[in-house]
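Shown next, in structure tokens, is the structure this report addresses.
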Amino acid sequence: MVPQGGAPGRPAGGGRENGKGIPGKGRIMRQSKAFIPTLKESPADAEIASHRLLVRAGFLRRVAAGIYEFLPLGTRVVQRICRVVREEMNRAGAQEVILPIMQPRELWEESGRWAKYGPEMMRLKDRAERDFGLGPTHEEVITDLVRNNVSSWRELPLNLYQIGTKFRDEIRPRFGLLRGREFIMKDAYSFDRDQEGMERSYREMYEAYARVFTRCGCTWRAVEAATGLIGGDVSHEFMVPAAVGEDLIAYCGECDYAANLELAEYMRGEPPRGDGGPMERVHTPDRRTIEEVSGFLGLEPSRFVKCLMFLVEDRPTAVLVPGDREANEGKLGRVLGTDEFRLFNEEDWRRFPQYLQGFVGPVGLEVEETIADLYLRGASGLACGANEVDYHLVGVEEGRDFRPGRFADVTSAREGDACPRCGGALHVEAGIEVGQVFQLGLKYSEAMRCTYDDERGETKPMYMGCYGIGVTRLMAAVIEQHHDERGMMWPLEVAPAALHILPLDYQREGRRAAAEELYARCLERGVEVLLDDREESAGVKFADADLIGIPFRAVIGKAFDADGLIELQARATGERSRMGMEELLSHLEGLVEETGLSGE
RNA sequence: CGGGGUGUAGCGCAGCUUGGUCAGCGCGCAUGCUUUGGGAGCAUGAGGUCGGCGGUUCAAAUCCGCCCACCCCGACCA
């Protein structure tokens with residue numbers, strides 16, 4: 001890559017002088033010199049569009065499982081996303097800092113997470129055998145920083161953020177940037193005097209996030225979320241709907257209820273009713289699954305009680321759900337108050353032979369704890385396993401024939417269920433989590449004694465919030481939402497350049513001179529440009545341009561020879577129109593302004 | 001960690017079952033000429049300890065063992 005002007009040392013994210021939100025300024029690349037190794041064929045390991053296209057277009061290369069190198073174009077996109085993030089964070093009053101990746105064990109001992117985080121935290125020792133972890137997140141470090149340097153109510157609220165590399169030793173990295181082990185994240189931490197202050201900070205961050213994702217060109221949805229290892233009470237995830245998303249979310253078509261499926265509630269209808277007759281034992285030879293038995297008995301799966309055996313902290317526990325529903329392990333974990341549980345595996349079935357796989361039922365089941373889904377409260381006319389090989393029970397009544405230890409919401413909502421708020425129909429869709437905000441409350445400040453003195457001199461713990469954006473994951477999410485079979489289609493705000501100049505047959509002096517002039521004048525205006533000055537055939541240039549996905553393209557070809565016209569094309573819509581250079585320059589500025597994405 | 005699979009030139013792959021002119025193809029790369037509105041043509045050429053180590057054999061990319069890396073499914077997770 002050859003620098004083509006632009007002040008050295010200009011901070012990424014500067015360059016607002018043109019005031020139009022046009023990508024960057026001054027950095028122009030000649031494709032003949034730029035390091036943009038494009039590929040005709042897809043890499044064998046890339047399954048999803050963003051991964052495949054980023055590699056093919058020369059933005060990204062893999063160096064180990066879940067670890068990537070960003071090439072110049074990929075780096076630019078990261079920088080442009082960071083610029084948006086910085087602008088919105090700064091606007092919301094947060095201050096940027098730089099925190100270490102490598103963090104001492106002692107801090108993590110204080111919060112209790114050295115033990116709790118498990119193998120997902122990458123651990124290492126220095127030459128003196130001191131333990132360190134590579135930060136998967138930075139609550140401990142930031143809390144330490146603030147407790148050591150902030151002590152008065154006058155200094156609050158405070159909101160600090162950083163954009164940096166995180167490392168999480170994922171069990172199974174996959175999907176390119178969507179689930180890497182090393183990735184770039186923006187994380188912010190707020191410190192407030194009280195609950196109200198924390199809620200205000202939270203709201204401000206929430207709104208900043210909304211602006212970030214919108215500016216990056218995403219359609220997104222904020223949903224209620226579980227807090228996991230980070231902790232805290234209130235949390236929202238920002239989801240970008242995409243088929244390849246690894247999260248499922250439920251949202252109401254009629255009100256604004258939306259939640260991660262891990263905690264989405266839904267209203268149960270009336271429980272099933274039988275005819276009040278006595279329970280009967282029926283022979284069901286070799287039929288174990290709900291499907292087999294329901295077909296055999298001619299009963300709807302929803303009238304079955306599916307009795308799932310879980311091993312919870314090494315004790316068998318029965319979980320009862322309707323036959324047509326899935327148990328939701330996220331909900332179950334919160335009901336159980338532990339994450340140490342799993343569905344019985346083969347070994348567990350052998351270890352507890354009193355439970356007959358395929359014929360377990362709640363009637364007469366000897367187990368310490370039974371948890372039933374809310375739907376089963378007061379239900380009758382049910383069918384279930386008889387705890388006897390080849391037998392099931394029908395006409396079973398909850399309360400009469402069995403009595404669960406407790407009822408809880410332990411099943412997943414699904415398409416068409418009733419919204420818990422308004423009764424409207426819920427929809428379920430897949431999404432990519434690109435950000436999450438948490439009200440942490442006092443979890444870290446109490447554990448790590450991060451306190452301040454209030455107006456009366458009383459020492460109190462700070463109320464904290466934390467807020468993450470997966471920058472590199474967001475980059476992938478943008479592509480998942482903006483691509484076609486030929487390549488990527490970058491939204492202007494995060495594009496690696498605004499304009500791609502394609503002089504066809506570069507050796508023709510007239511075309512070449514026009515291309516050079518256009519590029520020079522774009523430079524004057526601060527419009528970032530990629531100039532394809534390679535002596536490649538038209539087909540190659542078009543194919544690479546489609547792949548790289550710069551939003552606007554100026555084609556200098558036959559129309560130029562005849563009438564001095566340049567063809568302006570929009571990558572996303574395919575719209576094209578011919579015009580002279582002056583017109584093109586002003587048209588380009590117009591389009592850029594229309595996009596309405598300029599920050600400030 | 002369990003199950004499945006793959007490692008042969010920069011990338012994508014064939015060859016392995018049936019050891020022996022199998023070191024091969026396409027793309028890319030280099031050089032020259034032609035070509036330039038949708039991944040051009042011709043010619044010439046460079047490039048691989050066949051993932052590693054060990055074994056069987058007269059002979060191993062090919063058979064066997066161990067190891068490593070990577071991918072997919074699952075468990076887990078922001």
Side-chain angles (χ1 to χ4, degrees), chain A residues 37-48 51-52 55-56 58 61-67 117-121 135-139 166-176 178-181 183 185-187 225-231 235-239 245-247 260 262 329-330 333 339-347 431-438 466-474 486-487 502-508 511-512 532 534-547 553 555-562 565-567 569 576 578:
Chain A
T38 59
L39 302 172
K40 277 189 189 173
E41 290 178 281
S42 293
D45 60 348
E47 290 188 286
I48 63 169
H51 187 193
R52 195 170 55 238
V55 173
R56 277 194 59 207
R61 287 293 185 269
R62 190 188 69 83
V63 69
I67 302 176
Y117 223 102
E120 194 174 299
M121 181 154 77
T137 171
H138 282 67
E139 283 80 9
K166 296 273 185 287
F167 198 97
R168 295 184 191 176
D169 196 3
E170 287 288 341
I171 288 175
R172 184 141 110 77
R174 61 184 132 180
F175 298 147
L178 277 195
R179 179 167 296 273
R181 293 195 292 174
F183 55 98
M185 187 169 173
K186 186 286 305 179
D187 46 327
T227 53
L229 270 177
I230 308 278
S235 178
H236 287 86
E237 288 166 330
F238 289 78
M239 295 288 190
E246 295 185 90
D247 286 280
N260 192 303
E262 286 292 285
E329 297 201 0
D339 51 12
E340 203 186 308
F341 67 93
R342 62 150 189 264
L343 202 56
F344 262 34
N345 61 24
E346 289 305 318
E347 187 188 321
I432 299 165
E433 182 203 333
V434 291
Q436 185 166 10
V437 292
F438 300 80
C466 79
Y467 318 91
I469 291 177
V471 170
T472 42
R473 181 184 278 186
L474 176 56
R486 293 200 309 269
L502 262 59
L504 305 177
D505 194 359
Y506 192 66
Q507 282 311 315
R508 288 207 201 186
R511 297 183 185 179
R512 176 182 183 157
D532 194 348
R534 297 174 302 168
E535 288 175 33
E536 290 287 354
S537 70
V540 170
K541 292 190 178 190
F542 281 125
D544 276 349
D546 288 338
L547 190 56
R553 181 183 308 171
V555 180
I556 300 175
K558 278 176 183 160
F560 183 80
D561 301 337
L565 297 180
I566 298 170
E567 185 166 290
Q569 303 180 355
R576 48 182 71 183
R578 293 177 171 180

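Order of the sequence lines sets the chain letters (A, B, ...), proteins ahead of strands, with each chain counted from 1.
For A:R61 and B:C11, the CZ to P distance is 9 Å, given to the nearest whole Å. Whole-Å rounding puts the A:K558 NZ to B:U36 C1' distance at 9 Å. Protein atom CG of A:D544 is 11 Å distant from nucleotide atom P of B:A40, rounded to whole Å. Taking atom CG of A:D505 as the reference point, atom P of B:U34 lies 12 Å away to the nearest angstrom. The nearest whole Å value for the distance from the CZ atom in A:R534 to the C1' atom in B:G37 is 15 Å. In this structure, the CD atom of A:E47 is 10 Å from the C1' atom of B:C73, given to the nearest Å. The separation between A:R62 atom CZ and B:G12 atom P is 10 Å, rounded to whole Å. Going from atom CG of A:L504 over to atom C1' of B:A40 covers 14 Å, rounded to whole Å.
Of the listed nucleotides (B:G38, B:A40, B:C72), B:G38 has the atom at the smallest distance from the side chain of A:D546.
Rounded to whole Å, the C1' atom of B:C64 lies 37 Å from the corresponding atom of B:G28. If you take atom C1' in B:G2 and the same atom in B:U62, they sit 30 Å apart, rounded to whole Å. Comparing the P positions of B:G47 and B:C1 gives an interatomic distance of 41 Å, to the nearest angstrom. For the C1' atom pair drawn from B:G26 and B:A14, the interatomic distance equals 10 Å after rounding to whole Å.
The only option from A:I469, A:V471, A:L474, A:L178 that meets the side-chain contact (heavy atoms from CB on, under 4.5 Å) definition with A:V434 turns out to be A:L474. Considering A:D187, A:T472, A:T137 as possible partners of A:K166, the one that fulfils the side chain to side chain donor-acceptor pair (under 3.5 Å) test is A:D187. Checking each of A:R174, A:R61, A:R62, A:R52 against A:D45 for a salt bridge (Lys or Arg N to Asp or Glu O under 4.0 Å) leaves exactly one that passes, namely A:R62.
Pairing for B:C66 goes to B:G52, judged as Watson-Crick or G-U wobble with the two contacts each under 3.5 Å. For B:C1, the paired nucleotide is B:G74, the pair qualifying as Watson-Crick or G-U wobble because both relevant distances are below 3.5 Å. Base pairing analysis places B:C42 opposite B:G32; the two distances defining the Watson-Crick or G-U wobble pair are each below 3.5 Å.
Under a 4.0 Å N-O distance rule, the pair A:K541/A:D505 does not qualify as a salt bridge.
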Contact list (N/O, under 3.5 angstrom) for nucleotides 75-78 of chain B vs protein:
| from | atom 1 | to | atom 2 | distance (Å) |
| --- | --- | --- | --- | --- |
| B:C76 | OP1 | A:E329 | OE1 | 3.0 |
| B:C77 | O2 | A:R179 | NH1 | 2.8 |
| B:C77 | O2 | A:R179 | NH2 | 2.8 |
| B:A78 | OP1 | A:L229 | N | 3.3 |
| B:A78 | O4' | A:R168 | NH1 | 3.0 |
| B:A78 | O3' | A:E433 | OE1 | 3.4 |
| B:A78 | O3' | A:E433 | OE2 | 2.8 |
| B:A78 | O3' | A:Q436 | OE1 | 2.1 |
| B:A78 | O2' | A:E433 | OE1 | 2.0 |
| B:A78 | O2' | A:E433 | OE2 | 2.8 |
| B:A78 | N9 | A:R168 | NH1 | 3.1 |
| B:A78 | N7 | A:E170 | OE2 | 3.1 |
| B:A78 | N6 | A:E170 | OE2 | 2.7 |
| B:A78 | N1 | A:R473 | NH2 | 3.2 |

Between the protein and nucleotides 41-44 of chain B, list the N/O to N/O atom pairs that are separated by less than 3.5 angstrom.
none

Where do N or O atoms of nucleotides 2-10 of chain B meet protein N or O atoms at under 3.5 Å, pair by pair?
none

Protein and nucleotides 27-31 of chain B: nitrogen or oxygen contacts under 3.5 angstrom:
| from | atom 1 | to | atom 2 | distance (Å) |
| --- | --- | --- | --- | --- |
| B:C27 | O3' | A:K40 | NZ | 3.2 |
| B:G28 | OP1 | A:K40 | NZ | 3.2 |

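In this model, a side-chain donor or acceptor of A:R56 finds a partner on the base of B:G39 within 3.5 Å.
Remark: A:R168 pairs with no residue by the side chain to side chain donor-acceptor pair (under 3.5 Å) rule, at least two apart or across chains. In this view, A:E567 and A:Q569, A:R578 satisfy the side chain to side chain donor-acceptor pair (under 3.5 Å) rule, not counting sequence neighbours.
When heavy atoms are screened at a 4.0 angstrom cut-off, A:G557 is found touching base atoms of the nucleic acid.
Both A:S42 and A:I556 lie close to RNA chain B; mapped to their nearest nucleotides by heavy-atom distance, the more 5′-ward contact belongs to A:S42.
Rounded to the nearest 0.5 Å, atoms CG (A:D532) and CG (A:L504) are 9.0 Å apart. Taken to the nearest 0.5 Å, the OH atom of A:Y506 stands 13.0 Å off from the CZ atom of A:R511.
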